[in-house]
Asks: 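Have a look at this one.
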Amino acid sequence: MAYWLFKSEPSAFSFADLEAGPTEWSGVRNYQARNYMMAMQTWDLGYFYHSRTEPIGIVGIVMIVRSAYPDYTALDPTSQYHDPRATPQKPIWQMVDIAFKMAFSQVVTLGRLRVTPGLEGMALLQKGSRLSVQPVTSGEWEIIHRLATALP
DNA sequence: GCCAACGTTGGC
DNA sequence: GCCAACGTTGGC
């Protein structure tokens, strides 16, 4: 069992959009993020993070409902995620399916994460961190989960 | 909207 | 293989 974090700009895809049903997490075009997705297993949990919005922060929990498989949008010339290097034999990019699990009663904001002891090493909080898919340690998961459930 | 930080591309 | 130029990300 591993823990993850998915970043999204709500103007592009929000947690409310995810509530509508399981979603193919397509369009990830970063090798490190792809490798993390390839390490995901069905039933793994993740935090869902809203960037470039107000408030910025973690809004809830998602579950991996399908482990990594080829991201077919890379093969689709009409897709904004098309990658001309991708072929059916070598799709290059992978995606997972994620589903809504629960929404926090309040956003655990980036500011709150930054001041919470024990989260100093969290990938999300490192300077210049841009990975849209990241691992979360079980210790970090616990701390954040406690923060979220302590909120009214 | 700005712009620093980052990853990728491509000429050499 | 180097690295400048470029496009993108994301906090502010």
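Just so we're on the same page: letters track the sequence lines, and every chain starts at 1.
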Asks: Using ring centroids (six-membered ring only for Trp), state whether A/Tyr72 and A/Trp93 fall under 6.0 Å.
Replies: no
Asks: Is the backbone of A/Ser14 close enough, under 3.5 Å, to the side chain of A/Asp17 for a donor and an acceptor to pair up by distance?
Replies: yes
Asks: Mapping A/Arg52 and A/Arg130 onto DNA chain B by nearest heavy atom, which one lands closer to the 5' end?
Replies: A/Arg52
Asks: Rounded to the nearest angstrom, tell me the gap between atom CD in A/Gln134 and atom P in C/dG10.
Replies: 9 Å
Asks: What's the closest nucleotide to the side chain of A/Arg85 if the choices are C/dG11, B/dT9, C/dG10?
Replies: B/dT9
Asks: Please report the distance, rounded to the nearest Å, between CD in A/Gln126 and P in C/dG11.
Replies: 14 Å
Asks: With a 3.5 Å cut-off and no angle check, do the side chains of A/Ser51 and A/Arg130 form a donor-acceptor pair?
Replies: no
Asks: Between A/Gln126 and A/Glu120, is there a donor-acceptor pair closer than 3.5 Å when you use the side chain of the first and the backbone of the second?
Replies: yes
Asks: Distance check needed: C/dG7 P versus A/Asn30 CG, whole Å only.
Replies: 18 Å
Asks: Nearest-Å distance, NZ (A/Lys127) to C1' (C/dC12)?
Replies: 13 Å
Asks: Expressed as a whole number of angstroms, how long is the span from A/His50:NE2 to C/dT9:C1'?
Replies: 16 Å
Asks: Round to the nearest Å and state the distance from A/Gln32 atom CD to B/dT8 atom C1'.
Replies: 14 Å
Asks: Nearest whole Å is fine: how far is B/dT8 C1' from A/Tyr81 OH?
Replies: 18 Å
Asks: C/dG10 phosphate, OP1 or OP2: any side-chain N/O from A/Lys7 under 4.0 angstrom?
Replies: yes
Asks: Expressed as a whole number of angstroms, how long is the span from A/Asn35:CG to B/dG7:C1'?
Replies: 14 Å
